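Just so we're clear, the structure is a prediction, and the values are computed from it rather than from any experiment. Just so it is clear, the values below take in all heavy atoms, side chains as well, and ignore hydrogens, waters and symmetry mates.
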Amino acid sequence: MDFFREQDVARRNTRLLTLLFMMAVVTLIILTNLLFLGLLWAESDSYGPSDIITVLDWPLFFAVGGVISLVVGVVVLVNWLNFSRGGSQVAAALGGTLVQPGTDKPLERRALNIVQELALAANMPVPSLFLLEHELGVNAFAAGTHHTNAVVAITRGALEALNRDELQGVVGHEFSHILNGDMRLSIRLAAMLRGITFIGDLGSILLRIGSHRHHFQSRKKDDGRAAMLALGLGLYLIGLLGGLMAGLIKSAISKQKEYLADASSVQFTRNPDGIGNALKIIGGHANGTFVESARAEEMSHLFFGQVRHRLWSGFATHPPIEQRIRRIDPRWDGQFLPANVDSGVMSSEAEKHADKNDMALRAGIAGFASADVATVLPRNANNTAEMAPPAANAALLNETTDPLGAMALLLGMLWNPQHEEPQWQAIEVAGIKGLDDLVRRWCEPLRTQTPSENLIIIERSIPALRGLSPEQYRVFRNLLETWIDADGKTVLQEWCLFQLVCHYLDPELINSHAPRLRHKSLDAVSKDLAITLGALAHLTEEDPERAFRRGAEILSLTMTLPEADAIVMTAFTQSVDELAACYPLLKVTILKAMASVAADDGKISGSELTLIKAIAAVMDCPAPDNLLAAYGIGDGSLAEDLVDPPGSNGLK
């Protein structure tokens with residue numbers, strides 16, 4: 001699965017969506033004018049049936065068109081502004097409640113573990129998990145405008161009816177929507193279609209007003225009640241037609257994407273039985289994929305399965321379950337499966353096993369595919385368990401579920417014994433109760449962590465840090481900057497930590513925005529590529545010049561390796577920011593070049609991997625582990641290549 005190419009397809013689909021939307025609005029304008037034309041003709045005594053065209057008033061036609069366009073535009077804008085605040089707004093509107101990272105409920109913890117595993121596999125921030133507590137159908141969705149504010153939501157029915165592999169298949173399907181750009185397209189679709197159907201809401205309001213006036217006004221008084229009722233009824237019927245157009249647009253945009261996401265889920269998990277059996281259970285489930293939330297129909301294209309029955313498949317947002325199953329399992333015998341009634345009961349041994357898997361090193365988790373590399377997770381969960389970190393690290397990972405603990409761990413990674421006085425003073429000034437003690441507890445153990453292990457802690461801390469208020473986050477962000485500046489310089493390891501945190505949290509907590517895509521060729525960013533690849537080349541243990549040339553060959557650019565001393569942090573940061581403005585298909589080539597440079601000496605150290613992940617994060621582009629494996633960095637042996645000697649700081 002080429003997610004970068006799919007992102008490009010999603011961008012083209014956005015243009016198609018805009019075209020269909022404009023056609024729908026023009027249709028609404030024409031129909032509304034015909035309604036007014038009919039009302040004017042009916043109210044006039046001087047026109048016969050053949051004179052209806054003479055009633056046409058062009059100034060009125062354009063005035064009505066302007067009003068309709070304004071109303072639809074305002075509704076679309078209001079909905080987009082609401083949805084653009086993040087997927088949590090959509091999840092809350094559909095009745096979802098946030099699953100806390102520290103939950104002790106076995107089923108919820110299992111679901112959290114699955115989301116974390118897939119996020120680590122995709123090398124993206126861990127999305128928040130929401131639960132639709134009162135929905136008994138087996139369904140799920142992903143929502144958000146960007147992978148930094150994405151959420152994954154599952155229904156109570158999915159949580160209880162599916163076992164771990166099946167739930168992983170469903171969640172993997174939703175991760176595909178996040179990575180290939182469908183999620184943002186779906187949010188735009190929801191905002192636009194709300195504008196189309198709002199005309200019907202206006203008609204409904206006029207009908208209610210007209211009916212109420214009957215009770216408060218004299219029957220003998222001609223108050224225009226009949227005209228208001230006729231106008232309301234006409235707008236209501238036009239709204240129904242708008243709803244039909246909205247359904248057709250959703251169906252045209254969504255159906256093929258569901259097949260693609262099913263296939264992506266198989267690649268993510270390397271287990272076709274996961275999503276295949278989930279679909280078979282849904283087919284035989286009493287509640288199917290139905291969702292009862294009042295706004296479910298409006299958001300139906302977001303979900304894993306159809307939320308309502310359809311009399312005609314032309315309005316369906318999802319392909320039939322049977323067709324989806326046969327795409328995954330061509331030998332399917334047509335028999336559905338019963339729900340896993342025991343999936344809600346986890347034995348203590350199963351819980352221990354799940355927790356052990358949850359602490360697996362990133363090195364045991366394969367990343368999603370880019371270009372011609374397949375997306376996979378280990379098929380056997382025991383493979384990841386075998387590479388779990390020592391028991392001492394379990395306590396570190398437990399701290400990542402709490403905002404205070406997460407802050408303490410990230411600050412502890414920045415502890416500098418030679419310049420600690422201003423660091424401790426900064427914590428005292430911040431006045432965060434308990435933070436000083438926690439940082440002092442963990443700063444020494446964190447010095448023995450490898451960059452690869454620290455990378456896991458950083459990414460596992462993101463969901464808990466999302467629980468901070470904007471003001472609390474600003475205080476923490478300032479603390480990070482103060483701790484980094486304590487020695488008067490910034491090393492790459494500190495840069496990586498700060499960039500990962502800011503990129504994952506700034507959009508949601510301080511409303512920062514991703515850069516506008518403007519670079520359509522690598523030539524436009526050749527100087528920035530030289531600085532970025534140069535920083536990576538100077539981390540290699542053998543020949544930086546040779547490593548740099550490998551990357552330049554992949555980019556088909558003629559570049560000169562900068563001297564190590566010439567790569568200052570300010571210029572490096574500006575260069576990476578410029579690369580973020582490249583179009584998606586260019587970013588995959590840049591990632592390949594970075595992997596090639598890092599792998600020149602036969603291995604990718606944790607320091608190099610951390611730098612690649614941080615650069616990829618700033619570029620809004622996950623860095624797949626399998627992309628590294630494609631350059632000879634082993635498949636199952638990847639763990640050995642990613643581990644730095646204990647105590648090394650990895651970055652220069």
Handout entry: Stepwise side chain to side chain contact (heavy atoms under 4.5 Å, CB included) check, Glu292 with His134
Key = CA-CA 9 Å; Glu292 302 299 330; His134 304 294; over 6 Å; no
Problem - Closest heavy-atom pair and its distance - Leu500, Ala617 - result: CD2-CB, 3.7 Å
Exercise for the section: Work out which heavy atom in Ala161 is nearest to a heavy atom in Ile281; give both atom names and the distance. Expected result: O-CD1, 4.0 Å
Practice task
Could you point out which residue of Val72, Val78, Val74 forms a side-chain contact (heavy atoms from CB on, under 4.5 Å) with Val76?
Solution key: Val72
Problem - Ion pair check, Arg156 and Glu135, cut-off under 4.0 Å - result: no
Problem - Close side-chain approach of Ile178 and Val152, heavy atoms under 4.5 Å - result: yes
Completion exercise
Across all chains, not counting sequence neighbours, the side-chain contact (heavy atoms from CB on, under 4.5 Å) partners of Ser204 are Arg208, Tyr236
Problem - Donor-acceptor under 3.5 Å (Ser265 side chain, Gly169 main chain) - result: yes
Problem - Non-hydrogen side-chain atoms of Asp262 and Arg327 separated by less than 4.5 Å - result: no
Practice task
Could you give me the CA-CA distance, side-chain angles and deciding distance for Thr269 and Gln168, then say whether side-chain hydrogen bond (donor to acceptor under 3.5 Å, both in side chains) is met?
Solution key: CA-CA 7 Å; Thr269 60; Gln168 188 182 67; 4.9 Å; no
Exercise for the section: Apply side chain to side chain contact (heavy atoms under 4.5 Å, CB included) to Leu397 and Ile456, showing your working. Expected result: CA-CA 9 Å; Leu397 291 178; Ile456 296 175; 4.2 Å; yes
Practice task
Side-chain contact test, heavy atoms from C-beta onward, threshold under 4.5 Å: evaluate it for Ile154 versus Leu131 and give yes or no.
Solution key: yes
Problem - Sub-4.5 Å side-chain heavy-atom contact between Phe141 and Leu132 - result: yes
Handout entry: Heavy-atom donor-acceptor pair, Trp80 side chain to Phe83 backbone, under 3.5 Å
Key = no
Handout entry: Closest non-hydrogen atom pair, Arg295 against Ala93
Key = NH1-CB, 3.8 Å
Practice task
Mind running side chain to side chain contact (heavy atoms under 4.5 Å, CB included) on Glu174 and Leu118 for me, showing each step along the way?
Solution key: CA-CA 10 Å; Glu174 299 307 324; Leu118 289 170; over 6 Å; no
Problem - Asp329 and Lys280, any side-chain heavy atoms less than 4.5 Å apart - result: yes
Problem - Sidechain-backbone polar pair: Asn277 side chain, Asp273 backbone, donor-acceptor under 3.5 Å - result: yes
Handout entry: Interatomic spacing from OG in Ser176 to CD in Glu258 - rounded to 0.5 Å
Key = 9.0 Å
Fill in the blank from the handout: Gly305 and Thr289 have their tightest heavy-atom pair at C-OG1, 3.6 Å
Exercise for the section: Please report the shortest heavy-atom distance between His301 and Ala190, naming the atom on each side. Expected result: NE2-N, 3.7 Å
Fill in the blank from the handout: Heavy atoms of Leu167 and Ala158 approach each other most closely as CD1-O, 4.2 Å
Handout entry: N/O donor-acceptor pair under 3.5 Å between Lys587 side chain and Met619 backbone
Key = yes
Exercise for the section: Could you check if a side-chain atom of Ile282 sits within less than 4.5 angstrom of a side-chain atom of Phe336, using non-hydrogen atoms only? Expected result: no
Practice task
Kindly indicate whether the side chain of Val307, heavy atoms from C-beta on, has any atom under 4.5 Å from the side chain of Thr317.
Solution key: no
Exercise for the section: Kindly assign one of parallel, tilted or perpendicular to the pair His177 and His173, based on the angle between their ring planes and the thresholds 30° and 60°. Expected result: perpendicular
Practice task
Let me see the working for Tyr504 and Val126 under side chain to side chain contact (heavy atoms under 4.5 Å, CB included), right down to the final yes or no.
Solution key: CA-CA 9 Å; Tyr504 291 161; Val126 180; over 6 Å; no
Exercise for the section: Could you pull out all residues at least two apart from Gln89 that satisfy side-chain contact (heavy atoms from CB on, under 4.5 Å)? Expected result: Asn82, Arg85
Completion exercise
Partner of Gln100 under side-chain contact (heavy atoms from CB on, under 4.5 Å), picked from Thr97, Asp104, Leu98, is Leu98
Problem - Sub-4.5 Å side-chain heavy-atom contact between Leu159 and Glu108 - result: yes
Exercise for the section: Quick one: pull up CZ in Arg188 and OG1 in Thr145 and give me the separation to the nearest 0.5 Å. Expected result: 9.5 Å
Exercise for the section: Tell me whether the guanidinium CZ or amine NZ of Arg324 lies under 6.0 angstrom from the six-membered ring centre of Phe304 and within 45° of its axis. Expected result: yes
Problem - Listed partners of Phe198 passing side-chain contact (heavy atoms from CB on, under 4.5 Å), at least two apart - result: Val71, Val75, Arg194, Asp201, Leu202
Handout entry: Polar side-chain atom of Ser461 near backbone of Ile457 as donor-acceptor pair, under 3.5 Å
Key = yes
Exercise for the section: Indicate yes or no for a side-chain donor-acceptor contact from Thr155 to the backbone of Asn139 under 3.5 Å, with no hydrogens or angles considered. Expected result: yes
